Number of protein chains: 2
Amino acid sequence: MTIDHRAVTIYDVARHAHVSVATVSRVTNGQKVREDLAKRVLASVAILGFRPNRTAQRLRLTTSHLWALIVPDFENSFFTRLARGLEQICLPRNTCVFVGSSDDDPQKERHYLDVAIAERVGGVVIAPASDATDLSGLTEAGIPVVIVDRSLPDNRYDTVLTDNFAGGALAANYLTSAGYRKTVCIAGSPNPTSEKRLEGFAATVNKTGLLDIAKVKYGNNRIEGGYTAIRQLLEEGIVFDSVFVTNNLMTIGVIKALDDWAALSRDNIGFVGFDLNEIPLLAGKRIASIDQNPHEMGRLAGERIIFQQQQSDAAAELFEFAPKLGGLSWKL
Amino acid sequence: MTIDHRAVTIYDVARHAHVSVATVSRVTNGQKVREDLAKRVLASVAILGFRPNRTAQRLRLTTSHLWALIVPDFENSFFTRLARGLEQICLPRNTCVFVGSSDDDPQKERHYLDVAIAERVGGVVIAPASDATDLSGLTEAGIPVVIVDRSLPDNRYDTVLTDNFAGGALAANYLTSAGYRKTVCIAGSPNPTSEKRLEGFAATVNKTGLLDIAKVKYGNNRIEGGYTAIRQLLEEGIVFDSVFVTNNLMTIGVIKALDDWAALSRDNIGFVGFDLNEIPLLAGKRIASIDQNPHEMGRLAGERIIFQQQQSDAAAELFEFAPKLGGLSWKL
DNA sequence: TTGAAAGCGCTAACAG
DNA sequence: CTGTTAGCGCTTTCAA
């Protein structure tokens, strides 16, 4: 048994309603059409179950209702939250977004970028995997781009960031005023965002002179990254009373590792990480969090895509949000 | 300044390589073409930076490299993990997937389904928001469908599930053998998956006769759902020594609520929920988890989409995974 | 083998 | 205001 799956087209509707395809197109696009004709068209649309084929629309038009979101890790709650913010912009506009997880792998990221270009998406929101991420192909194809979470060296694109330097400073001030004196830092595999956080932290530490940075270690921004990094420090016999971690998942790893390390009680260690408020049950413990607002960042990114669609020669702008200190409720 | 963003087309390549567009098409699609012509085409492709326009391809072909994943909550780690499994199938096939979060709202789900049809996607993987979810539009459009996580009343579609009844039974056995005697259940807003888990739990409880179900309460499958549900039970003065929750995020809410409820120590309560292994730092505490394998489920769903693409009249199959008891490591 | 040309479904000139 | 028609970029018969 073979079923003919050919979908209802604008021609079917035109024939059924005894009008031209142009009229059908006008009606479905909300343009002015004589009352009775519009009625007939609408009726036929309903009867036949016509849905405009977006593929055909996209081929014809310059704008697309499909966007791309490319992030380092779409299992990270920071990015899923950001996706929510983006959705808020997309939903009422009837657009959908395909999401790619680069896993901080430039090649995988390149793949998704190529797909985005091949799909002629209407816009790309991306948290670049590295400084070397090349977005020129998008620009050449006239595709709006917004960078989120991590900036790129040349500020040629709209960028939505948190003030990461300030975030690092916030973290240092927290540890200092909470009475900690010797800290270790776990940073993400080199990327501008992690660097800035580290810089802000170090600058503040230097200024007050009360806190000592025993060591800095790098990890892969995922749970295991934090786990192995702190594990190595412990095995090296480094002594510390607090930990500063530049990302959320690595903080989990750090805490796990300390729970596993019999020689030390986690209760005596101070933790400060980023975006832990998105991690259920973690916020509200003896852990401080430097919180961004990923939902708002996603929203803004979406708005900038729209803006660029309407004004393709707009100058790139940088939007920087202020981070907040949170998650301190438990017996300090 | 206005830039001409017209992308390189197959015609540009044809002209540049002094061949016909058909030849270019054949080369880029790996068909047999005379050696020297192929060389010329490939060179031109590289020089001009030609990338086939997928929109045009899709309009012409019947198959699409864009799929849809529609889930109740794309911030839930169970579904992001499932998305990973799906990605494993899509990546090597050069296909991408747009994801929609229905938020258990039939209308929002309908919207994403309509978008999927309008986009003429190559396949839809969906965890239905309710029994009333209508997938017939997809079938009519000849779009392969795979249902995951929750089944639909009529078994007309490929379905990838965990044996939820067995999962509930596992949970009951755990609580019983851990010595608990009076439990409350927090279930998801009525859906077949939650029901089955509850049924499995109740059936086992009845069989052994050792455990008593004090009350069943329903929540919205998110953190607040669990929080308010257990909160109400506490306020009603229900007494219990353990809690069975049919979903992961609600378990978080339950634990949070108990932490907030001064009159009770969380340490004396036994918890068993689903998929808590995906929740960082939760697994390994005095909490048991009935674990599914969302990654594998996503993979299988993807494979079934491919299968249906190749064999459109294949009979629907049901795939049921066995759940596992996990997360018991901490002082029982 | 290769090329010319039709056509996927839609929108937007253009003509009436 | 409505209809006719070209054409978006691609694949695929069909002829050469």
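Note that the structure is predicted; figures quoted are calculated from it, not measured. We name chains A, B, ... by the order of the sequence lines, and we start the count at 1 in each one.
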Notebook entry, point to check: Below 4.0 angstrom, N of the basic side chain to O of the carboxylate: do A/Asp36 and A/Lys39 qualify?
Noted result: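 Result for this pair is no, no salt bridge flagged.
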
Item checked: B/Arg54/A/Asp114 ion pair, N-O < 4.0 Å ->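 Judged by the 4.0 Å cut-off on N to carboxylate O distance, B/Arg54 and A/Asp114 do not form a salt bridge.
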
Check: Is B/Tyr11 side chain donor-acceptor paired with the D/dC10 base, going by distance under 3.5 Å alone?
Finding: yes

Heavy atoms under 4.0 Å, any strand shown: does [X] hit a base, just sugar-phosphate, or nothing?
X       : result
A/Val33 : sugar-phosphate
B/Arg26 : base
B/Leu61 : sugar-phosphate

Shortest non-hydrogen contact from [X] toward [Y]:
X        : Y        : answer
A/Gln308 : A/Val146 : NE2-CG2, 3.7 Å
B/Glu303 : B/Ile89  : CG-CD1, 3.7 Å
A/Phe74  : A/Gly100 : CD2-C, 4.4 Å

Using only side-chain N and O atoms of [X], determine if any of them is under 4.0 Å from OP1 or OP2 of [N].
X       : N      : answer
A/Thr23 : D/dG3  : yes
B/Ser25 : D/dC10 : no
B/Arg58 : C/dC8  : no
B/Ser20 : C/dG3  : yes

Round to the nearest Å and state the distance from [X] atom [atom1] to [N] atom [atom2].
X        : N      : atom1 : atom2 : answer
A/Glu35  : D/dC1  : CD    : C1'   : 14 Å
A/Arg120 : D/dG9  : CZ    : C1'   : 9 Å
B/Arg51  : D/dC8  : CZ    : C1'   : 19 Å
B/His65  : D/dC10 : NE2   : C1'   : 14 Å
A/Leu59  : C/dA12 : CG    : P     : 13 Å

If you check the [X] side chain, which of [options] turns out closest?
X       : options               : value
A/Gln31 : C/dA12, C/dT2, D/dT12 : C/dA12
B/Leu37 : C/dT2, D/dC8, C/dC10  : C/dT2
B/Ala56 : D/dC10, C/dG3, C/dC10 : D/dC10
B/Ala22 : D/dC10, C/dA4, C/dC10 : C/dA4
A/Asn53 : C/dG3, C/dC10, D/dC10 : C/dC10

Item checked: Closest-nucleotide ordering on DNA chain C, the 5'-leading residue of A/Gln57 and B/Val21 ->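 Whichever sits nearer the 5' end wins; that is B/Val21.
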
